[in-house]
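Reckoned from all heavy atoms, side chains included, excluding hydrogens, waters and symmetry mates.
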Amino acid sequence: MSYEESQRIYREVIAEFRANGGKLGGPYADIDVLLLTTSTDSGSRTIPIGYARDGERLFVFAADNGREGGPNWYHDLLTHPHAQVEVGADKWPVLASVAPAAERKRLWDKQIEHWPFIEEMAAQVPWEIPVVILTAEQAAG
């Protein structure tokens with residue numbers, strides 16, 4: 001898929017998400033999806049991404065469909081860890097952090113039964129897919 005095609009799809013999914021209070025249809029109907037807005041060196045980027053909950057925190061996988069190097073939003077968060085999420089009709093600021101090894105394993109194991117495709121993807125790449133924790137700013141410390 002070309003960059004332009006993926007951007008068009010993102011725009012369509014974001015518009016559907018916002019028009020329907022976070023509800024999506026089609027291939028995303030059974031996946032909890034949030035909108036993640038990251039800061040970039042030249043502005044900001046918003047992308048739809050599947051997520052899971054760990055208590056009050058949210059977490060996402062930086063899988064990028066198995067492409068080596070990971071997604072751009074992941075690199076944005078490594079440089080600028082303050083971001084914003086939209087879940088349903090709610091928005092709030094978050095602080096992103098990469099899960100350390102033991103916590104990554106716990107979160108990975110917790111979600112893999114719901115998203116077996118992530119484990120299939122991980123088996124096809126020579127690198128470890130990062131798990132990114134999104135903690136609400138007011139709870140971050």
Side-chain angles (χ1 to χ4, degrees), residues 1-18 20-141:
M1 175 182 316
S2 72
Y3 175 79
E4 292 78 19
E5 178 69 7
S6 65
Q7 293 306 301
R8 182 189 62 76
I9 292 169
Y10 282 169
R11 284 191 301 273
E12 291 173 0
V13 171
I14 290 167
E16 180 183 357
F17 184 101
R18 289 179 172 156
N20 297 310
K23 301 288 184 209
L24 296 172
Y28 305 106
D30 295 327
I31 299 174
D32 291 327
V33 174
L34 59 77
L35 299 184
L36 176 66
T37 301
T38 61
S39 295
T40 69
D41 290 336
S42 60
S44 66
R45 166 189 345 259
T46 300
I47 59 112
I49 187 169
Y51 76 96
R53 292 186 179 272
D54 182 48
E56 295 294 314
R57 306 177 313 168
L58 308 176
F59 64 97
V60 296
F61 296 91
D64 201 22
N65 292 321
R67 286 186 282 275
E68 191 165 358
N72 291 333
W73 61 262
Y74 172 69
H75 296 286
D76 294 342
L77 291 174
L78 292 177
T79 304
H80 309 283
H82 297 277
Q84 178 178 281
V85 296
E86 295 176 50
V87 175
D90 298 326
K91 295 181 191 181
W92 64 91
V94 293
L95 181 62
S97 61
V98 178
E103 187 168 26
R104 180 196 177 280
K105 180 174 177 7
R106 181 182 67 79
L107 295 172
W108 183 275
D109 291 348
K110 175 180 178 178
Q111 192 59 23
I112 216 65
E113 67 186 62
H114 303 290
W115 292 357
F117 62 89
I118 293 286
E119 192 161 56
E120 293 166 12
M121 190 181 309
Q124 297 176 21
V125 299
W127 46 276
E128 184 174 82
I129 295 172
V131 175
V132 178
I133 300 167
L134 303 170
T135 304
E137 285 279 21
Q138 59 270 27

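- Electrostatic pairing of Lys110 and Glu103 does not count as a salt bridge here, judged by no charged N lying under 4.0 Å from a carboxylate O.
- The side-chain contact (heavy atoms from CB on, under 4.5 Å) test applied to Leu24 returns Val13, Glu16, Phe17, Tyr28, Val33, not counting sequence neighbours.
- Residues Glu119 and Trp108 meet the side-chain proximity criterion, which asks for heavy atoms closer than 4.5 Å.
- No side-chain heavy atom of Ile31 sits under 4.5 Å from any side-chain heavy atom of His114.
- Between Pro81 and the options Leu95, Thr38, Val98, a side chain to side chain contact (heavy atoms under 4.5 Å, CB included) holds for only Leu95.
- In this structure, CG on Leu35 lies 4.5 Å from CD on Glu86, to the nearest 0.5 angstrom.
- Residue Asp109 qualifies as enclosed at atom CG: its count of foreign heavy atoms under 6.0 Å is above 12.
- Residues Val87 and Leu58 are in side-chain contact: their nearest non-hydrogen atoms beyond the backbone lie under 4.5 Å apart.
- Put simply, the side chain of Phe61 does not reach to within 4.5 Å of the side chain of Ile49, judged on heavy atoms.
- At least one donor-acceptor pair under 3.5 Å links the side chain of Thr79 to the backbone N or O of His75.
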Would His82 and Val94 count as a side chain to side chain contact (heavy atoms under 4.5 Å, CB included) here? Give the steps. CA-CA 6 Å; His82 297 277; Val94 293; over 6 Å; no
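- Looking at Gln111 and Leu107, their side chains never come closer than 4.5 Å, going by heavy atoms from C-beta outward.
- Closest approach of Val132 to Ala96, counting heavy atoms only: CG1-CB, 4.0 Å.
- Of all the heavy atoms in Ile118 and Ala63, the pair that sits closest is CD1-CB, 4.4 Å.
- Within the 4.5 Å cutoff, the side chain of Thr46 has heavy atoms near those of the Ile14 side chain.
- Annotation for Tyr10 and Ile47: closest pair CE1-CG2, 3.8 Å, computed over non-hydrogen atoms.
- For Glu12 and Arg8, the salt-bridge test passes: some basic side-chain N is under 4.0 Å from an acidic carboxylate O.
- Looking at every heavy atom in both residues, Ala83 comes nearest to Leu36 through CB-CD1, 4.0 Å.
- Under the 3.5 Å distance criterion, the side-chain polar atoms of Arg104 are matched with a main-chain donor or acceptor of Ile129.
- A search for side-chain contact (heavy atoms from CB on, under 4.5 Å) contacts involving Asp32 returns Tyr51, not counting sequence neighbours.
- Atoms CZ and CG, from Arg53 and Leu34 in turn, are 9.0 Å apart once rounded to the nearest 0.5 Å.
- Residues Arg45 and Asp76 are in side-chain contact: their nearest non-hydrogen atoms beyond the backbone lie under 4.5 Å apart.
- Contacts of Pro71 classified as side-chain contact (heavy atoms from CB on, under 4.5 Å), with partners at least two apart in sequence or in another chain: Ala62, Asp64, Trp73, Tyr74.
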